[in-house]
Amino acid sequence: MNRKQLVVGNWKMNGSLSDNEALLDGLAVADGLSELDISVCVPYPYLAQARERLAAGIISWGAQNVSEHDAGAYTGEISGSMLADFEVSFGLVGHSERRSFYADDNELVGIKARKLLNVGITPIVCVGETFKQREAEETFGIISAQLEAVIERIGLENLGRIVLAYEPVWAIGTGLTASPEQAQEVHEYLRGQVALLDEAAARSLRILYGGSVKPDNAEKLFRQADVDGGLIGGASLNLIDFLTICRLAT
Ligand code: 13P
């Protein structure tokens, strides 16, 4: 199956109105990338700016989180329908920084994925193990539990509507990257788990790798059979690096 590769930039809590201009305008005019899907998940306050600057081009924009509620007295939260107002294509759920700093547990991640689907936004469901869990050979158990909780909430009928991202916690922002073989092993496992439930969904499922992806290691990762693109943190804040990584995915 030839899955269209997807490269997503996760800006995390970085940027400013003025700094974003050059980055977004550079992305808007980048050419030679039409074989790819590309998106940038910007902080909430910059969604309007991303929409304004990217709308005419091929690159979409996304959010980094969503509330588990629809509306009401939830100070500081942002609902799925608010994101839909800004024509967001993708929303991250279950990022390890959310899981560790904001107590987003497996069940909450599943609920958030569902909220995004309810408003037509594609959830990018992040899964991954810590270094300690890998050392203890718990990787497959941990990521299966993370995946199962999401499937339970979204329902089998929606398996074909999500993107998965394997982000080993020990590789995020550390400069350590999973080897292409380690990434492939986990991606293949994840696809296999989905295939047990829905073979067609497994074949079309896009599984991104994230964790210190840089221009000098992206190509080997993207060449793996079950790696369908990347979720890029630090390197997505640099226009040249991000575009170089995108080109390596074509
Ligand atoms: P880095 O690419 O900075 O390691 O971040 C990965 C990540 O967390 C993307 O969501």
Side-chain angles (χ1 to χ4, degrees), residues 5-15 19-20 23 27 36-44 46-47 50 59-66 83 88-102 104 109 112-113 116 121-131 133-134 139 142-143 146-147 150 162-180 182-183 186-187 190 206-222 224 227-249:
Q5 300 272 309
L6 167 65
V7 181
V8 178
N10 173 9
W11 289 10
K12 310 192 179 185
M13 198 174 74
N14 291 292
D19 287 352
N20 302 347
L23 190 45
L27 292 174
L36 271 183
D37 286 330
I38 303 173
S39 195
V40 282
C41 292
V42 303
Y44 292 141
Y46 304 134
L47 283 173
I59 296 181
S60 69
W61 52 97
Q64 299 172 14
N65 187 26
V66 66
L83 298 179
V88 159
S89 298
F90 296 98
L92 302 180
V93 293
H95 191 281
S96 77
E97 288 148 21
R98 296 290 323 168
R99 291 180 190 268
S100 60
F101 303 146
Y102 301 99
D104 284 16
V109 172
K112 289 183 173 190
L116 290 173
I121 295 172
T122 301
I124 298 176
V125 177
C126 305
V127 299
E129 82 289 1
T130 63
F131 187 71
Q133 290 162 338
R134 176 163 278 268
T139 299
I142 293 291
I143 59 174
Q146 291 171 337
L147 177 62
V150 169
I162 65 172
V163 170
L164 287 185
Y166 170 53
E167 294 212 314
V169 180
W170 48 273
I172 297 176
T174 57
L176 293 173
T177 320
S179 68
Q182 284 172 322
V186 174
H187 284 227
L190 284 168
R206 294 194 286 191
I207 311 177
L208 314 183
Y209 171 77
S212 298
V213 178
K214 307 287 177 209
D216 61 2
N217 60 27
E219 189 174 2
K220 282 197 179 132
L221 287 160
F222 293 159
Q224 303 305 306
V227 176
D228 308 306
L231 180 52
I232 320 297
S236 72
L237 298 168
N238 177 296
L239 180 64
I240 306 285
D241 284 356
F242 187 60
L243 289 177
T244 302
I245 291 169
C246 289
R247 295 213 161 87
L248 291 170

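In each ligand, atom 1 is the first atom listed, and ligand 1 is the first ligand listed. No experiment lies behind these values; they were computed from the predicted model shown. Throughout, residue positions are numbered sequentially from 1 according to the sequence presented.
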Exercise. With Lys220, which residues qualify under side-chain contact (heavy atoms from CB on, under 4.5 Å), at least two apart?
Worked result: Pro180

Exercise. Is there a donor-acceptor pair closer than 3.5 Å between any side-chain N or O of Ser39 and the backbone N or O of Ser60?
Worked result: yes

Problem set entry | Residues in salt bridge (Lys or Arg N to Asp or Glu O under 4.0 Å) contact with Asp104, at least two apart in sequence or another chain | Arg98, Lys112

Exercise. Do Gln64 side-chain atoms and Cys41 backbone N/O form a donor-acceptor pair below 3.5 Å?
Worked result: yes

For this session: Would you please name every residue forming a ring pair (Phe, Tyr, Trp, His ring centres under 6.0 Å) with Tyr166, sequence neighbours left out?
Result: His187

Seminar exercise, completed: Heavy-atom contacts under 4.0 Å to ligand 1, chain-then-number order, include exactly Asn10, Lys12, His95, Glu167, Ala171, Ile172, Gly173, Gly211, Ser212, Leu231, Gly233, Gly234

Exercise. Where the side chain of Tyr44 meets the backbone of Asn65, is there a donor-acceptor pair that is under 3.5 Å apart?
Worked result: yes

